[in-house]
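Note that the structure is a prediction, hence the values are computed from the model and not measured.
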There are 2 protein chains.
Amino acid sequence: MGDTRAPGQRAGLTRDAILRCARDVLSEQGIDGLTMRSVARRLGVAPNSLYSHVAGKDTLVDDLLDDVLGEVAEPRTTEPAAGLRQIMTSTYEVLLRHPDLVPLYLARQGSRGGNAQRLGEIMLDLLDAAGIAGPEAQEARRVLIVYTIGFAAMTTGSTSDAATSLLSRDVLAANFTTGLDWLLEGILATSDNQLPPHSL
Amino acid sequence: MGDTRAPGQRAGLTRDAILRCARDVLSEQGIDGLTMRSVARRLGVAPNSLYSHVAGKDTLVDDLLDDVLGEVAEPRTTEPAAGLRQIMTSTYEVLLRHPDLVPLYLARQGSRGGNAQRLGEIMLDLLDAAGIAGPEAQEARRVLIVYTIGFAAMTTGSTSDAATSLLSRDVLAANFTTGLDWLLEGILATSDNQLPPHSL
DNA sequence: ACCTGAACACCGTTCAAGT
DNA sequence: ACCTGAACACCGTTCAAGT
C-alpha cells in the first residue's frame, strides 16, 4: 500500500493532517487502536514519516488534546464568578463533544499545551480579580479543572448502562452546573473571610 | 537469568506474589515500566509463566486495583450521611497510601472487582436508607466515586511543583472533607423535597 | 525538507512441549 | 498443574539512505 511512492516523493503530509487523522483513528478504533503505525497506515504513508512533522507519540497525543481546547470559548465578562462559570461550562461542553478524548485528559490530568496555558491564565486572572492569588489560586484552579474533567468523564463514560441512560444529557449538564456553583461559592468565599483556605 | 530452571521445575509462583511484585515494579518503574515481562524478569521467571496464574495484563491491573480497595474500612454506622462520609474518607486515605495507582483508577474510572462491588453495594444501601434509589442512587454513587478519585489525583499528582508543596497533606485532606460534605448535602437533600434530582 | 526501507529493542500472548 | 523455549503479531523509534 505504500509502494506507490519511492523515497523522496512528497506525500503532502501536514502536522494538522496527522492530528486530524489521529482523531479519526481514535474515534473509530479506540485508545488501544491509536498507534503511530495505524495513523500512518490510514494516511498511506510509512510509519516513520510522521516523525518529520511530530516529535513522537506522546507529544502527538498532547497536541491532540490541546488542539481541542482551542474550541473553548473565552469568558465574556471579567466578573470572577460569572467568568469562571462560563469558561468551565464551555470546557465541559467541548469535552462532551469529544467523548473519546476524555479518558486521555483524565490520565494526563489536563493538558500543558498552549491553549491550556491560555485558559489557565484566564482562570488565574479571574481568581486574582476575586482577591485569590498564589498557591491558593493554583489549587482552586486545579480543583475546577479536575472537577470539570471528572464530571465529563462521568457523563460520557459507561453510558451503555441501561439505568444511567435514563438520565438525559440535559439533567447531567444541570447537575454539573449545580456542583460548579457550589465549588465557586466555596472558592470565592475564601477571599471574604479569615477562615483557613478551603478552596473546595 | 532464567536458565537455572529447566521446563517442568516449579518456581513457586503465586497469584499474590505476582500482584505484590507488580506493585513493586509500578512504584519503582512507573506505569510505563509495568509490563508482563518486567514483572516476570523481577520474579526470575519466563514471561509466559505468569499466564498460569493471571488471565492477562488487563485483569492483572484490575486485580491490582481491586486488591488495594480491600484496605478500605467499612462504615461503622448505618446513618446515611455519616456512613457515606466514612466510606469515602477511608477510600480517599487508601488512595493516598498508593499514589502510583491513582492514575490507573482514573483511567479506568474505578474498579469492577469484588472489593469495589462490595463497597458499591454498601454505598447503595446507605443511599437507600436515605430514600434514594434507582438511577438517582447510581448517579449519586458515581459522583462520589469520581469526586474521591479525582481529589486523590489532585492531591498526589504534580506535587513536584514548588508552590503546591506549600499546601500540606492535611490542608488538602480538610478540603476533601469540606467538598465531600457539600456533595452529601446536595445528594441527601434530593430525598426531602420535590425539586428535580440534582445529585451534585 | 520530506519520505522510504530496514532494523532495533521492545511489547502481550499463544503454542507445543517438558516434568 | 506449572514452567520453559520459540514464535507470532504487533509496538515506538532511529538510522542511513534517496530525491
Expressed as a whole number of angstroms, how long is the span from A:D32:CG to C:dG12:P? 12 Å
Between A:D63 and A:R15, is there a salt bridge with N-O shorter than 4.0 Å? yes
For A:S49, which contact category applies under a 4.0 Å heavy-atom criterion: base, sugar-phosphate, or nothing? base
For B:L34 and for A:L13, locate the closest nucleotide of DNA chain C by heavy-atom distance; then report the residue assigned to the nucleotide nearer the 5' terminus. A:L13
Are A:Q29 and A:L34 close enough, and set up right, to give a side chain to side chain contact (heavy atoms under 4.5 Å, CB included), and what steps lead you there? CA-CA 7 Å; A:Q29 322 258 19; A:L34 178 61; over 6 Å; no
Checking contacts here: which listed nucleotide (C:dG12, C:dT4, D:dG12) is nearest the side-chain heavy atoms of A:M36? D:dG12
What is the distance from CG of B:L60 to C1' of C:dT13, rounded to the nearest Å? 14 Å
For B:D181, is there an ion pair with B:R85 - N to carboxylate O distance below 4.0 angstrom? yes
Donor + acceptor pair across side chains of A:S111, A:D66 (<3.5 Å): yes
Closest of D:dA7, D:dT4, C:dC2 to the B:R37 side chain is D:dA7
Could you check how far CG of B:D58 sits from P of C:dC11, rounded to whole Å? 16 Å
With nearest nucleotides of DNA chain D determined for B:R10 and B:A46 from heavy-atom distances, which residue corresponds to the more 5′ nucleotide? B:R10
Winner on side-chain proximity to A:Y51, out of C:dC11, D:dT14, D:dC11, is D:dT14
Look at the aromatic rings of A:Y92 and A:F151 and report parallel, tilted or perpendicular, splitting at 30° and 60°. perpendicular
Out of C:dT13, C:dC3, D:dC2, which nucleotide sits closest to the side chain of A:S52? C:dC3
From the candidates C:dC3, D:dC11, C:dT4, the one with an atom nearest any side-chain atom of A:H53 is C:dC3
In dot-bracket notation, what is the pairing pattern of DNA chain D, taking Watson-Crick (N1-N3 plus N6-O4 or O6-N4) and G-U wobble (N1-O2 and O6-N3) contacts under 3.5 Å, with [ ] crossing and | for other strands? ||.|||||...|||||.||
Whole angstroms only, please: what is the CG-P distance between B:L50 and D:dA1? 19 Å
Check: B:Y147 ring centroid to A:Y147 ring centroid under 6.0 Å: no
Would you mind classifying the nucleic acid contact of A:G33 as base, sugar-phosphate or nothing, using non-hydrogen atoms under 4.0 angstrom? nothing
Of the candidates D:dT13, C:dG12, C:dC3, the side chain of B:K57 sits closest to C:dG12
In terms of side-chain geometry, is the basic nitrogen of B:E136 or B:R141 positioned less than 4.0 Å from the acidic oxygen of its partner? no
